[in-house]
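Given the structure is predicted, the values throughout are model-derived calculations rather than measurements. Proteins come first, then strands; the chains are lettered A, B, ... in the order of their sequence lines, and each starts at number 1.
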Number of protein chains: 2
Amino acid sequence: MGITKSQIFTKNQNELAQVFKVLGHPARVAILQYISNQNACICNDLVEETGLAQATVSQHLKELKSIGLLKGEIEGKRMCYCLDVDRWDAIQNQLNHFFNTTKANCC
Amino acid sequence: MGITKSQIFTKNQNELAQVFKVLGHPARVAILQYISNQNACICNDLVEETGLAQATVSQHLKELKSIGLLKGEIEGKRMCYCLDVDRWDAIQNQLNHFFNTTKANCC
DNA sequence: TTTTATTATCGTAATATTGCAATATTAAAA
DNA sequence: TTTTAATATTGCAATATTACGATAATAAAA
């Protein structure tokens with residue numbers, strides 16, 4: 001096979017896993033950290049910063065957008081990507097809820 | 001290509017991404033939640049619980065072990081897998097540190 | 001309008017992941 | 001010792017991801 005059997009898991013489990021998955025690439029971690037050190041960012045900065053090709057960076061940005069972590073505004077012929085802070089906080093809360101509720105007494 | 005260029009990122013970024021990646025599958029989220037509802041667990045329970053084949057479950061458990069989240073004790077001819085609570089807390093702290101430090105003023 | 005700069009998308013190659021059947025391993029039970 | 005039960009490993013097919021060159025799209029600048 002090779003296809004994740006998402007239909008056998010709950011909506012919550014799939015959503016949680018999707019968030020983790022998007023964050024599960026060092027380039028995307030690096031992109032988020034870089035944006036946090038600026039007040040904003042543009043894609044071409046990230047090409048220099050990450051050492052990845054422009055097409056690759058654009059693709060990673062798309063994935064971060066797909067879970068709502070980034071929002072982009074058009075600024076002339078540039079894109080200004082920045083964190084969606086509300087979504088950022090919501091995701092942090094969601095992950096903490098997972099960690100707090102999934103804590104077992106060990107055998 | 002298709003290979004993640006981990007050498008161009010920091011050790012911290014790679015480690016963080018690796019943790020997110022392991023958690024980024026609904027079966028592994030479900031396994032952790034199931035273990036938390038028991039006091040322990042055995043692999044065969046998980047086969048029924050998840051609807052995945054025994055080999056598949058075993059593989060997911062191996063990945064969770066790879067980041068230290070689970071520890072397994074041999075109990076006769078069974079394995080007793082349980083959360084490593086110290087590691088669990090450490091990872092939660094690591095992720096919170098990432099979320100707290102990577103928080104930008106939006107543009 | 002033409003050029004230039006910036007970002008997105010498409011197509012494709014390389015690699016990774018998922019899932020499972022078959023088989024191996026291990027230890028208790030018979 | 002042989003059988004049985006539980007888990008791990010191997011090998012493989014299907015699908016997903018990563019990366020990038022080429023190209024398209026868009027908007028400011030010349």
Side-chain angles (χ1 to χ4, degrees), chain A residues 1-9 13-14 17-31 34-35 40-67 70-82 107, chain B residues 1-9 13-14 17-18 20-31 34-35 38 40-67 70-82 107:
Chain A
M1 315 288 141
I3 184 169
T4 296
K5 291 183 145 188
S6 41
Q7 74 280 3
I8 65 179
F9 303 107
Q13 288 165 341
N14 281 304
Q18 181 60 27
V19 168
F20 279 128
K21 192 175 180 181
V22 168
L23 294 172
H25 191 289
R28 294 194 284 271
V29 169
I31 285 171
Y34 180 73
I35 293 182
C41 103
I42 55 173
C43 185
N44 258 12
D45 284 357
L46 289 170
V47 172
E48 287 181 36
E49 181 66 17
T50 62
L52 294 170
Q54 182 267 324
T56 307
V57 170
S58 191
Q59 203 172 250
H60 283 306
L61 289 168
K62 193 178 175 183
E63 292 187 66
L64 289 167
K65 263 189 292 182
S66 78
I67 57 165
L70 293 184
K71 48 185 181 185
E73 280 175 40
I74 299 169
E75 231 184 35
K77 59 185 165 191
R78 292 186 173 180
M79 282 297 296
C80 169
Y81 278 113
C82 41
C107 56
Chain B
M1 317 283 142
I3 184 168
T4 295
K5 292 182 142 187
S6 42
Q7 74 281 1
I8 65 180
F9 303 106
Q13 288 165 341
N14 281 304
Q18 181 60 27
F20 279 128
K21 191 175 181 182
V22 168
L23 294 172
H25 192 290
R28 294 193 283 270
V29 169
I31 285 170
Y34 180 73
I35 292 181
Q38 321 297 318
C41 101
I42 54 172
C43 184
N44 258 13
D45 284 357
L46 289 169
V47 172
E48 287 180 36
E49 181 66 17
T50 62
L52 294 170
Q54 183 267 325
T56 307
V57 170
S58 191
Q59 203 172 250
H60 283 306
L61 289 169
K62 192 178 176 183
E63 292 188 67
L64 289 167
K65 263 189 292 182
S66 78
I67 58 166
L70 292 185
K71 49 185 179 184
E73 280 176 40
I74 300 168
E75 232 184 34
K77 59 186 164 188
R78 293 186 172 180
M79 282 295 296
C80 169
Y81 277 113
C82 41
C107 57

Visitor: Give the rounded distance in Å between these two atoms: CD1 of Ile8(A) and C1' of dT18(C).
Guide: 11 Å
Visitor: Counting only side-chain heavy atoms from C-beta out, which of dA19(D), dA22(D), dT17(D) sits nearest to Thr56(A)?
Guide: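 When the side chain of Thr56(A) is considered, dA19(D) is the closest of dA19(D), dA22(D), dT17(D).
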Visitor: Return the 5'-most residue of the pair Arg28(A), Gly76(A) with respect to DNA chain D, ranking by each residue's nearest nucleotide.
Guide: Arg28(A)
Visitor: Nearest of dT18(C), dG21(D), dA5(D) to any side-chain atom of Gln59(B)?
Guide: dT18(C)
Visitor: So, OP1 or OP2 of dA16(D): does either fall under 4.0 Å of a side-chain N or O from His25(B)?
Guide: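 It does not, given that no N or O in the side chain of His25(B) lies less than 4.0 Å from OP1 or OP2 of dA16(D).
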Visitor: Leu23(A) CG to dT18(D) C1': how many Å, rounded?
Guide: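 Answer to the nearest Å: 17 Å.
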Visitor: Write down the distance between CG (Leu52(B)) and C1' (dT17(C)), rounded to a whole number of angstrom.
Guide: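 Taking atom C1' of dT17(C) as the reference, CG of Leu52(B) is at 14 Å.
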Visitor: Assign Ile42(B) to base, sugar-phosphate, or nothing according to its heavy-atom contacts below 4.0 angstrom with the strands shown.
Guide: sugar-phosphate
Visitor: Side-chain N or O of His60(A) versus OP1/OP2 of dT17(D): is the shortest distance under 4.0 Å?
Guide: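 No, His60(A) has no side-chain N/O under 4.0 Å of OP1/OP2 on dT17(D).
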Visitor: dT7(C) C1' sits how many Å from Leu46(A) CG, rounded?
Guide: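 Computing the Leu46(A):CG to dT7(C):C1' distance gives 12 Å.
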Visitor: The side chain of Arg78(A) lies closest to which of these nucleotides: dT9(D), dT6(C), dT7(D)?
Guide: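 My answer, after comparing the listed nucleotides, is dT6(C).
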Visitor: Which nucleotide in the set dT7(D), dA16(C), dT4(D) lies at the smallest distance from any side-chain heavy atom of Cys43(B)?
Guide: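 Minimum distance to the Cys43(B) side chain belongs to dT7(D).
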Visitor: Checking Arg28(A) side chain against Leu64(A) main chain: does a donor-acceptor pair fall under 3.5 Å?
Guide: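 Side chain of Arg28(A) to backbone of Leu64(A), a donor-acceptor pair under 3.5 Å: no, none is there.
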Visitor: Please give, in whole Å, the distance from dT7(D) P to Asn44(B) CG?
Guide: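 Result: 5 Å.
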Visitor: If you count every heavy atom of other residues, nucleotides or ligands that lies below 6.0 Å from Gln7(B) atom CD, does the total exceed 12?
Guide: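 Count over threshold, so yes.
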Visitor: So which one's nearest nucleotide on DNA chain D is more toward 5', Gly24(A) or Asp45(B)?
Guide: Asp45(B)
Visitor: Measure from the side-chain heavy atoms of Lys21(A) and tell me the nearest of dT17(C), dT7(D), dA16(D).
Guide: dA16(D)
Visitor: Are any side-chain N or O atoms of Ser58(B) and backbone N or O atoms of Ala55(B), one a donor and one an acceptor, separated by less than 3.5 Å?
Guide: no
Visitor: Find the distance Met79(B):CE to dA5(D):C1' and express it as a whole number of Å.
Guide: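 One finds 15 Å between C1' of dA5(D) and CE of Met79(B), rounded.
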Visitor: Name the closest nucleotide to the Ser58(A) side chain, picking from dC20(D), dA8(C), dA22(C).
Guide: dA8(C)
Visitor: What I want to check is whether an N or O donor and acceptor connect the side chain of Gln54(B) with the base of dA8(D) at under 3.5 Å.
Guide: yes
Visitor: Check whether any side-chain nitrogen or oxygen of Tyr81(B) sits under 4.0 Å from OP1 or OP2 of dA6(D), and answer yes or no.
Guide: no
Visitor: Can you classify the ring geometry of Phe9(B) versus His25(A) as parallel (below 30°), tilted (30 to 60°) or perpendicular (above 60°)?
Guide: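 It falls in the perpendicular class, over 60°.
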Visitor: Is there side-chain contact between Tyr81(A) and Ile31(A), with at least one heavy-atom pair below 4.5 Å?
Guide: no
Visitor: Separation of Leu61(B) atom CG from dT18(C) atom P, in whole Å?
Guide: 13 Å
Visitor: Compare all side-chain heavy atoms of Leu46(A) with those of Leu61(A) and state whether any distance is below 4.5 angstrom.
Guide: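 The answer is yes, as the side chains (C-beta and beyond) meet within the 4.5 Å cut-off.
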Visitor: Expressed as a whole number of angstroms, how long is the span from Lys62(A):NZ to dA16(D):P?
Guide: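 The answer, rounded to whole Å, is 15 Å.
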Visitor: Answer with base, sugar-phosphate or nothing: what part of the nucleic acid does Ala53(A) contact at a heavy-atom distance below 4.0 Å?
Guide: sugar-phosphate
